[in-house]
Amino acid sequence: RGIYEGYAGWFDGEAASMYPGGAENVAPDLVDMSGGADAVAALSWEKLAGGDAVSALRLANMALAADPANVAALKARLASLEALLAAKRNFNETGWLTSAIKETQRALGLETD
């Protein structure tokens, strides 16, 4: 991706990408329409159980965009991150996932430091 962006720039071809913000700006609206953060967290767990940790993480993040202290979404995020760490592919990925796990653990009050 870095090489591509180095040659082509940041623009991915999607018109909405030309403007500030992204999907995270409308995530709270989508979460509300979906029944709230708990409902989206439950869907996150379903995706994780089906082996799709990336979608599970994205759903948990959407739920947290609507309700940053939602325990169900934080737990789903933590489980998704741990699943991704178990299948890690490189050193950078390990570092980012480990950092995100620690951040999520702190948010849940599970201090590990």
Side-chain angles (χ1 to χ4, degrees):
R1 178 177 175 182
I3 293 170
Y4 172 80
E5 287 180 359
Y7 285 106
W10 60 268
F11 185 59
D12 62 3
E14 169 56 47
S17 296
M18 294 186 295
Y19 304 98
E24 66 278 359
N25 289 24
V26 295
D29 298 322
L30 293 173
V31 169
D32 286 343
M33 290 174 29
S34 301
D38 287 330
V40 175
L43 180 56
S44 174
W45 281 107
E46 288 179 28
K47 293 290 185 179
L48 186 58
D52 189 355
V54 173
S55 292
L57 178 59
R58 289 186 175 139
L59 286 164
N61 286 342
M62 290 180 111
L64 291 167
D67 183 1
N70 186 282
V71 174
L74 285 166
K75 288 181 177 179
R77 175 179 161 80
L78 181 59
S80 300
L81 290 165
E82 289 171 340
L84 290 167
L85 183 61
K88 66 187 178 294
R89 296 177 300 245
N90 63 60
F91 183 74
N92 287 336
E93 182 180 20
T94 300
W96 284 106
L97 290 170
T98 300
S99 176
I101 287 169
K102 288 180 180 181
E103 173 187 312
T104 307
Q105 288 172 331
R106 277 191 297 277
L108 282 166
L110 305 173
E111 298 294 329
T112 59
D113 294 335

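Values below: every heavy atom of this structure, side chains too, minus hydrogens, waters and symmetry copies. No experiment lies behind these values; they were computed from the predicted model shown.
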Which heavy atom in A63 sits nearest to a heavy atom in A73, and how many Å separate them? CB-CB, 3.7 Å
Rounded at 0.5 Å granularity, tell me how far NZ in K75 sits from CG in N70. 10.5 Å
Going from CG on D32 to CG on D67, what distance comes out if it is rounded to the nearest 0.5 angstrom? 10.0 Å
Value for CG (L108) from CD (E103), rounded to nearest 0.5 Å, stands at 11.0 Å
side-chain contact (heavy atoms from CB on, under 4.5 Å) partner of I101, chosen from L84, L85, L110: L85
Donor-acceptor contact below 3.5 Å, side chain S44 vs main chain V40: no
Grab the two heavy atoms, one from L74 and one from A107, that are nearest each other, plus how far apart they are. CD2-CB, 3.8 Å
Between R77 and A100, which heavy-atom pair has the shortest distance, and what is it? NH2-CB, 3.7 Å
When you group the ILVMFWY residues by side-chain heavy-atom contacts below 4.5 Å and let the links chain together, are L48 and V31 in the same group? no
Would N61 and R58 satisfy side chain to side chain contact (heavy atoms under 4.5 Å, CB included), going step by step from the backbone distance to the final call? CA-CA 5 Å; N61 286 342; R58 289 186 175 139; 5.6 Å; no
Which pair of heavy atoms, one from A65 and one from E24, lies closest together, and at what distance? CB-O, 4.4 Å
With hydrophobic residues grouped by side-chain heavy-atom distances under 4.5 Å, do L59 and L64 end up in a single group? no
Rounded to the nearest 0.5 Å, how far apart are NZ of K102 and OG1 of T98? 7.0 Å
If you group Ile, Leu, Val, Met, Phe, Trp and Tyr by side-chain heavy-atom gaps below 4.5 Å, do V71 and M62 land in one group? no
If you look at every heavy atom in W45 and A72, which pair is closest and at what distance? NE1-O, 3.8 Å
Using only atom types and a distance under 3.5 Å, with no angle test, would you say the side chain of S80 pairs donor to acceptor with the backbone of A76? yes
In this structure, would L81 and W96 fall into the same cluster of hydrophobic residues linked by side-chain contacts under 4.5 Å? no
